[in-house]
Amino acid sequence: MTTITSVAEMQQWSLQHKSAGRRIAFVPTMGFLHEGHLSLLEAGRKNGDLLVLSIFVNPTQFGVGEDYADYPRDLAADGALAAQAGVDVIFVPSAAQMYPKDYATWVDVEGITEVLCGASRPGHFRGVTTVVSKLCNIVQPDIAFFGAKDFQQLAVIRRMVLDQNMPLEIVGMPIVREADGLALSSRNSYLSPEQRQQGLALSQSLALGRQLAAAGQRDSAIILAAVRAMIEVNPEARIDYLQICHQLSLQDQTQVDADSVLLLAVFLGKTRLIDNCFLLTE
Ligand code: PAF
């Protein structure tokens, strides 16, 4: 396994291997790897001749007052996990290389970025799409893997790749959870033991939503009220958003159907966690 920190070197490596007919699988991350990332790497290993992992805590997707400075980082542990996962190259660029002085170009997907996390975190998706586009131009992947916990991010990236005619396949991978249901996230490391316990309400309330839908309930307002009540009994939990949306348009749905996704973002203390599930389908 090689670590590359230079943008030019990474691009040269990729172009060289691609011209030799090798298929590059790519897993972009912000590091502090957990089992969720490892599931992406495992899929990448199976789907490419070469596997590239990027680790870059992207400053442009964090808003003022968000956790950019505190975002957990552990390159040594990430390196060990990446080696076990069969990664060929870890790409770790600096912020100065990715965004040199006078950097001026942004990728902005309209519409679906303005709701849910986009409404709560203005500018967040512009940072995500800009960096993913740049990383793809540098790494030149044939296929790239993203987790479904960031449901909206996955939808936005799919839209960007389609609209920009980017020559790669995007694969969404299922959410990986702890045994008690908490969706894995690097931000879980911020939670106190009490907050972590209360955070179980996220996955439990999603399960309640699915149960109600499975029992025939189609009225979104009724499902949302039941889910809200289950979360709000936890004193440290503050709902940022709780919505039932169409999986592609991300517009609110008043009636549940096979395209309905229940999405939520909840603060536990200062930590904001997101989770989601389809209501009727897997
Ligand atoms: O999901 C993430 O870790 C980040 O948003 C991504 C896609 C690596 C872009 O910085």
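Just so you know, ligand 1 is whichever comes first in the structure, and atom 1 is the first atom listed for that ligand. Nothing fancy with the numbering, it's 1 onward along the sequence. Keep in mind it's a predicted model, so treat the numbers as computed, not measured.
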Exercise for review: May I ask you to say whether Arg187 pairs ionically with Asp67, meaning some side-chain N is under 4.0 Å from a carboxylate O?
Suggested key: yes

Exercise for review: Please state whether the rings of Tyr71 and Phe62 are parallel, tilted or perpendicular, taking 30° and 60° as the class boundaries.
Suggested key: perpendicular

Check your understanding: If you count the atoms of ligand 1 from 1 in the order shown, which ones are under 4.0 Å from a heavy atom of Gln153?
Key -> 1 (O), 2 (C), 4 (C), 5 (O), 7 (C)

Check your understanding: In the protein, what heavy atom is nearest to atom 9 (C) of ligand 1, and what distance, to one decimal place, separates them?
Key -> Gln61 OE1, 3.3 Å

Check your understanding: Val131 heavy atoms, cut-off 4.0 Å: which ligand 1 atoms fall inside?
Key -> 9 (C), 10 (O)

Exercise for review: May I ask you to list the atoms of ligand 1 that are less than 4.0 angstrom from any heavy atom of Pro28?
Suggested key: 8 (C)

**Study point:** Asp163/Arg158 ion pair, N-O < 4.0 Å
**Key:** no

Review point. Would you call Arg196 and Asp180 a salt bridge, taking side-chain N to carboxylate O under 4.0 Å as the test?
Key: yes

